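Throughout, protein chains are lettered first and strands after them, A, B, ... in sequence-line order, and every chain is numbered starting at 1. Remember, predicted model here, so these are calculated numbers, not experimental data.
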Amino acid sequence: MILHPSHFTAAMIFSFFASLVFGITQKNTQREMVRYGVYCFAMFLLGTFVAGWAMALLRHWATS
Amino acid sequence: MANANTEALDSSSGALSGLAVFAPVIGWLIPGAGHLIQKKWLRGALLMISVLSMFILGIMMEGKVYSMNFGDVLDVLGFIGDLGSGILYFAARTLHWGRGAINIATADYGTKFIIVAGLLNVISAVDAYHIAIGKKS
């Protein structure tokens, strides 16, 4: 079975699993784990949008 | 008094040393198993699902599984990252999975998924070690 997700879908899948592992391994209590996992996912999501917009603006600036 | 403390420390570290060695090794070989053998069922299951999913998704995206090499630095680092997946890496090599389709953009994501699955598994194995030595509950 072959899978070809979009850039965004691949980034979200990556963010989800990486955040899950970061949350479990980097904190001690269950509450802290959940909070840190959600925080990491939010940062991944924010980073994806910031990088996406930065590249789009760069492309727009370079081609205009 | 000092001798008694030293002996207690020695005996306790001796008792821990078996699990402290076994947990990270089994955790590296089988993702999440380092936590499962210490009865951290939920954490172990979630780590296993995460690493396994990332590795399988990487293969499904036609990512590349690096073989042992001494050439380009990035290839060597890719191999080290892949090796972190433990038994999944050896299975992929044996079954000739992950040949890498260089003409497809998503195959490059797949390659990164496979490498990161290995690196996340190493973090999990280190966490299993910390639990085994009592540094983490």
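- Heavy atoms of A:L20 lying under 4.5 Å from chain B belong exclusively to its side chain.
- Remark: B:M68 CE is loosely packed, at most 12 non-hydrogen atoms of other residues, nucleotides or ligands lying under 6.0 Å away.
- Heavy-atom distances place no part of B:I131 under 4.5 Å from chain A, backbone and side chain included.
- For OH of A:Y39, the number of neighbouring non-hydrogen atoms (other residues, nucleotides, ligands) closer than 6.0 Å is 12 at most.
- Note on A:V50 and A:F8: same hydrophobic cluster, where clusters join Ile, Leu, Val, Met, Phe, Trp and Tyr whose side-chain heavy atoms are under 4.5 Å apart, directly or indirectly.
- A continuous path of Ile, Leu, Val, Met, Phe, Trp and Tyr side chains, each step under 4.5 Å between heavy atoms, connects B:L46 with B:L88, placing both in one hydrophobic cluster.
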Check the pair B:L120, A:F22 against side chain to side chain contact (heavy atoms under 4.5 Å, CB included), reporting the backbone distance first and the verdict last.
CA-CA 8 Å; B:L120 292 176; A:F22 286 168; 3.9 Å; yes
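- Between the CE atom in B:M61 and the CD1 atom in A:I13 there is a gap of 5.0 Å [rounded to 0.5 Å].
- In terms of heavy-atom pairs under 4.5 angstrom with chain B, the leader among A:G23, A:A11, A:P5 is A:P5.
- A:M43 and A:M12 end up in the same hydrophobic cluster when Ile, Leu, Val, Met, Phe, Trp and Tyr side chains are linked at under 4.5 Å.
- Both B:M54 and B:F90 belong to a single network of hydrophobic side chains, linked directly or stepwise wherever heavy atoms of I, L, V, M, F, W or Y lie under 4.5 Å apart.
- Within 6.0 Å of CZ in A:F44 there are more than 12 heavy atoms belonging to other residues, nucleotides or ligands.
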Donor-acceptor pairs under 3.5 Å, chain A to chain B, main chain and side chains both?
{"residue": "A:L3", "atom": "N", "partner": "B:M60", "partner atom": "O", "Å": "2.8"}
{"residue": "A:H4", "atom": "ND1", "partner": "B:T106", "partner atom": "OG1", "Å": "2.6"}
{"residue": "A:H4", "atom": "NE2", "partner": "B:E62", "partner atom": "OE2", "Å": "3.2"}
{"residue": "A:H7", "atom": "ND1", "partner": "B:Y109", "partner atom": "OH", "Å": "2.3"}
{"residue": "A:H7", "atom": "NE2", "partner": "B:Y109", "partner atom": "OH", "Å": "3.1"}
{"residue": "A:I24", "atom": "O", "partner": "B:K136", "partner atom": "NZ", "Å": "2.8"}
{"residue": "A:T25", "atom": "O", "partner": "B:K136", "partner atom": "NZ", "Å": "3.2"}
{"residue": "A:K27", "atom": "O", "partner": "B:K136", "partner atom": "NZ", "Å": "3.1"}

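- Under the 4.5 Å side-chain heavy-atom criterion for Ile, Leu, Val, Met, Phe, Trp and Tyr, B:V126 and B:F22 are members of distinct hydrophobic clusters.
- For B:I104, the part lying under 4.5 angstrom from a heavy atom of chain A is the side chain only.
- Counting heavy atoms of neighbouring residues, nucleotides and ligands inside a 6.0 Å radius, atom CD1 of B:I87 does not exceed 12 of them.
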